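Below is one structure; the comments refer to it alone.
Keep in mind the model is a prediction, meaning the values are calculated, not measured.
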Amino acid sequence: DIFAERGECEFRRGERQVIGRLLDGDIHVLATGGGAFIDPRTRALMKQRAISIWLKAPLDVLMKRVAKRDHRPLLKEDDPRAVMKRLMDERYPIYAEADLVIETGTGPHNSAVVTILNALRAHLAKTP
């Protein structure tokens, strides 16, 4: 509703405030939407206070995932696939700044979780 009523800029401002507040709390998993990491100030907060993980997926997989729900304002256009492709082209170079990049696909969720946990262990082992 905020996105529709006040625009993306106001949505991202509020999102940044909430993320900042959550990152000040106890250690936890915080799953953000794709646009959060794009905002430079939000990304800086995450780099300072968290370990960022990009769950990278191919276009076909992403389209199957987003087709399950219609709540994504940026994809409410005539050609959601073209919008997703454009977003991927724009965002993937920025997402690549994440601390960890995990390739995901159509496999079971628990396989992705195991991959994430192994990557986190390796990352924490080499990070003071």
Steps toward side-chain hydrogen bond (donor to acceptor under 3.5 Å, both in side chains) verdict (Thr104, Arg65): CA-CA 12 Å; Thr104 64; Arg65 290 177 185 171; 3.2 Å; yes
Interatomic distance, Leu100 atom CG to Ile102 atom CD1 [nearest 0.5 angstrom]: 5.5 Å
Closest contact, heavy atoms only, Ala50 versus Leu23: CB-CD2, 4.0 Å
Test item: Thr115 side-chain N/O and Ser111 main-chain N/O as donor-acceptor pair under 3.5 Å: yes
Single-linkage hydrophobic cluster, 4.5 Å side-chain cutoff, Val61 and Leu87 together: no
Gap separating the CD atom of Glu15 from the CD atom of Glu10, nearest 0.5 angstrom: 12.0 Å
Non-hydrogen atoms of Lys47 and Glu97 that approach each other most closely: NZ-O, 3.2 Å
Straight-line distance of Ile19 CD1 to Arg43 CZ, nearest 0.5 Å: 12.0 Å
Single-linkage hydrophobic cluster Val113~Ile51, side-chain heavy atoms < 4.5 angstrom: no
Nearest heavy-atom neighbours spanning Ser52 and Ala98: OG-CA, 3.2 Å
Interatomic distance, Phe11 atom CZ to Glu5 atom CD [nearest 0.5 angstrom]: 12.5 Å
Short N-O contact, Arg86 and Asp79, less than 4.0 angstrom: no
Spatial distance of atom CG (Leu59) from atom NZ (Lys85) [nearest 0.5 Å]: 7.0 Å
Cluster link Ile53 to Val114, ILVMFWY, side chain under 4.5 Å: no
Pairwise distance CE(Met63) to CZ(Arg81) - rounded to 0.5 angstrom: 6.5 Å
CA sep, side-chain torsions, deciding dist, call: Ile116, Leu55, side chain to side chain contact (heavy atoms under 4.5 Å, CB included): CA-CA 9 Å; Ile116 292 165; Leu55 302 178; 3.6 Å; yes
Gln17/Arg21 under side-chain hydrogen bond (donor to acceptor under 3.5 Å, both in side chains): CA gap, chis, key distance, verdict: CA-CA 6 Å; Gln17 287 179 326; Arg21 187 171 59 246; over 6 Å; no
Just distance, no hydrogens or angles: give the donor-acceptor pairs under 3.5 Å from side chains in residues 27-39, sequence neighbours left out.
from  : atom 1 : to    : atom 2 : distance (Å)
His28 : ND1    : Asp26 : O      : 2.5
Asp39 : OD1    : Arg16 : NH1    : 3.2
Asp39 : OD1    : Arg41 : N      : 2.9
Asp39 : OD1    : Thr42 : N      : 2.9
Asp39 : OD1    : Thr42 : OG1    : 3.3
Asp39 : OD2    : Arg16 : NH1    : 3.0

Tyr92-Ile94 co-clustered via ILVMFWY side chain contacts under 4.5 Å: yes
